[in-house]
Each structure stands twice: as structure tokens, then as C-alpha cells.
Amino acid sequence: MDIVLASGSPRRSEILKQLGIEFRVVVSHEDEDKLTGNPLEFPRKLAAAKALAVSRMEAGALVLGFDTLVFLDGQPLGKPKDTAAAFAMLKSLNNRTHKVITGVAIAKDGKLLDASEEETEVIFRNNTDQTLQDYVNSKDPMDKAGAYGIQTQGARLIHSVKGCFYNVVGLPIAKTLGMLEQLKV
């Protein structure tokens, strides 16, 4: 079966490769700022929009769409626009618990076959401002929701994770495999 990942995320590609899944990448260019309504539904809705958009261009392919957002007190934290925003996000997460929600969607021939989400709780350590600034200076936070990468240097900021670690990276393995299995893929 021809499988397409509707994401340019190198982390998602690495996870699919780790699982031995053969796939191609076709990046979706869906506008992530046009959604309205309950922000907690944004990851699932965006994952579905991405999967659908690519599935309309890739006839016969099974398209996987994902979208990950970090939520603090019910408010989404996207990717930081600059280093000041990255520091502010990390400071707001410091010594606190937040949620990471990844939407997962599967589409084929312009039809949504399934859409769901995975939620993980992440607890930050009580980091010093200097530790946070050193991390920001590494440039690692700049392309990541919530301004940190748990699989990179951002791991030093984390106290614990309750739920799927890979969800925080951006591709919840058990959820995705379960959805594919239900579709007999």
C-alpha cells in the first residue's frame, strides 16, 4: 500500500522509519490559523485537514496527517515566532504541568477514514532562568510547539511524562498503529 505522510516534520519521519513503515512525504500547506471554536479540538481538526488536502492530490494513497499542540491552562501554545517568545513559553511552562495533544487522521481519495487524538501530560522541572535561556540559545525550541523538544536538549527541562512519550514528539505510535490496524492496513 502506498502510504503518504502529510507532514514535513523530520521527527515524524524518523518515528515511521523506526517502525519499519515505508512511506513518502507530501507536505500539506493547510492554514493553521484559520480554525475557530474549541482549541482542544484543533489538533484533530488540523490533522484531518492536512490528511484530506494531501489525499486529494495523491489518488489511491493512504495519507497520514498529524498536528501537535501544547496546552497550558486550556490555551494552545504554538511554535515560537522568535527567541523572546520561546523564552516566555518555557517560563510559563516551568515547574508546571501541561498537556500535549496530537491529532491523528487517515484519509484516502479525498475521504476521511478516521480521526482521533492522543493526550499526554508533561511536567516541567523547576528550571533556572539561565537553564531556560541556554536552551533558547541552542535554537532547538524554534520549530517546536510549546518551544521544546522532549527528544532533544529539551529533555533536560522535563520532570516526568504521563502517557505516550512519542505523542509529545509528534506521532503517537500506539494510537496510530491501532487506527491503521482497524482499517486493516
Inset, instruction - Please examine the side chains of L69 and V100, heavy atoms only from C-beta on, and report whether any two atoms are closer than 4.5 Å. - result: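 SC-SC contact between V100 and L69 ruled out.
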Legend entry - Flag side-chain contact, heavy atom, 4.5 Å: K99 against E121: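 Not touching, per the 4.5 Å side-chain cut-off.
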Examine [X] and [Y] and state if one hydrophobic cluster contains both, with Ile, Leu, Val, Met, Phe, Trp and Tyr joined whenever side-chain heavy atoms are less than 4.5 Å apart.
X: V122; Y: L72; answer: yes
X: V4; Y: M179; answer: no
X: F66; Y: L180; answer: yes
X: M57; Y: I3; answer: no

Inset, instruction - Verify the ring-centre separation between F124 and Y148: is it less than 6.0 angstrom? - result: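 Close enough - the centres of the two rings lie under 6.0 Å apart.
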Legend entry - Given I106, V104, L171, I21, the one that forms side-chain contact (heavy atoms from CB on, under 4.5 Å) with L64: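 Going through the options one by one, the only one that passes is I106.
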Is the closest basic N to carboxylate O distance between [X] and [Y] below 4.0 Å?
X: D143; Y: R11; result: yes
X: E117; Y: K175; result: no
X: R96; Y: D73; result: yes

Inset, instruction - May I have the step-by-step check of side-chain contact (heavy atoms from CB on, under 4.5 Å) for K111 and R56, ending in yes or no? - result: CA-CA 8 Å; K111 294 182 181 151; R56 290 183 191 106; over 6 Å; no
Legend entry - With sequence neighbours excluded, residues passing side chain to side chain contact (heavy atoms under 4.5 Å, CB included) with P80: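 If we apply the side chain to side chain contact (heavy atoms under 4.5 Å, CB included) test to P80, skipping adjacent residues, the hits are A85, A86, M89, M142, A147.
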Any side-chain donor near an acceptor of the partner, [X] and [Y], under 3.5 Å:
X: Q133; Y: D129; value: no
X: Y135; Y: Q130; value: no
X: R12; Y: T102; value: no

Inset, instruction - State, to 0.1 Å, how close L52 and S55 come at their nearest heavy-atom pair, and which atoms those are. - result: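 Looking at all heavy atoms of both residues, the shortest contact is O-OG, 2.9 Å.
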Legend entry - Candidate pair V63 and L5, rule side-chain contact (heavy atoms from CB on, under 4.5 Å), full reasoning: CA-CA 6 Å; V63 179; L5 172 61; over 6 Å; no
